[in-house]
Amino acid sequence: MPHALADHHQRARAVFLDVACEKQRRTYAFTYDLLIKTVVDESQPIATNKKRDHDADFRGLVDREIELLYARFELPFRRLEFGDEQVLADTIATVRTGLDLAASATPPA
């Protein structure tokens with residue numbers, strides 16, 4: 001019986017998480033004008049001069065899971081890969097344009 005109960009618990013948890021995730025997607029994800037997803041370049045060493053996780057396997061796993069999450073929720077995003085100067089320039093231009101539009105729409109205090 002314990003296995004059946006554990007299976008039921010896992011299925012219930014999965015349904016709950018699906019519902020919770022869908023609510024989060026509807027509530028928060030589309031409030032952003034631009035989502036940027038950086039891509040882990042495994043050919044680049046992890047800098048050790050910053051306080052962060054230095055586990056390359058973990059970072060690769062997180063990178064793949066975020067990609068799956070964006071796909072699951074059909075979130076439009078801009079992929080930013082190491083060394084892709086054109087995408088970086090386009091992203092900066094997009095952000096600056098958005099900031100300029102927001103500033104011009106904001107009434108003076």
Side-chain angles (χ1 to χ4, degrees):
M1 231 15 155
H3 291 297
L5 185 57
D7 288 345
H8 176 72
H9 176 72
Q10 285 180 339
R11 283 194 301 275
R13 184 174 183 273
V15 168
F16 172 78
L17 289 175
D18 281 346
V19 170
C21 287
E22 178 60 24
K23 181 181 177 187
Q24 291 294 325
R25 181 187 72 83
R26 283 194 319 267
T27 305
Y28 299 110
F30 294 107
T31 61
Y32 295 96
D33 294 324
L34 176 64
L35 292 173
I36 301 170
K37 188 211 175 281
T38 58
V39 179
V40 172
D41 183 346
E42 295 179 8
S43 71
Q44 296 296 316
I46 299 173
T48 58
N49 62 339
K50 296 181 181 174
K51 185 174 184 172
R52 63 171 140 197
D53 191 338
H54 295 99
D55 184 342
D57 292 335
F58 175 75
R59 293 168 70 88
L61 175 65
V62 170
D63 182 54
R64 290 186 295 279
E65 289 297 319
I66 290 172
E67 189 89 21
L68 291 171
L69 181 72
Y70 279 22
R72 177 180 177 194
F73 290 139
E74 300 173 349
L75 298 174
F77 65 93
R78 186 169 296 181
R79 183 176 281 108
L80 185 58
E81 297 184 26
F82 179 81
D84 192 337
E85 299 299 324
Q86 187 58 53
V87 172
L88 180 58
D90 292 346
T91 301
I92 290 170
T94 299
V95 170
R96 282 187 177 149
T97 299
L99 291 173
D100 290 345
L101 288 172
S104 66
T106 304

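Here the structure is a predicted model, which is why all the values come from computation and not from measurement. Computed from heavy atoms alone, side chains included, the values below leave out hydrogens, waters and symmetry copies.
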Heavy-atom distance under 4.5 Å between the side chains of [X] and [Y], does that happen here?
X     : Y     : result
Asp41 : Glu81 : no
Arg79 : Thr38 : no
Val87 : Arg78 : yes
Phe77 : Glu67 : yes

Transitive ILVMFWY side-chain link Leu35 to Ile66, under 4.5 Å: yes
Hey, any chance Phe58 and Leu69 share a hydrophobic cluster, counting ILVMFWY side chains that come within less than 4.5 Å of each other, even indirectly? yes
Taking all heavy atoms of [X] and all of [Y], pick out the closest pair and write down the distance.
X     : Y     : answer
Ile36 : Tyr70 : O-OH, 4.2 Å
Arg59 : Val40 : O-CG2, 3.9 Å
Asp84 : Leu80 : O-CD1, 4.4 Å

Spacing of Asp63 atom CG and Lys37 atom NZ [to the nearest 0.5 Å]: 3.5 Å
For the atom pair CG (Asp90) and CD (Gln86), what is the distance rounded to the nearest 0.5 Å? 4.5 Å
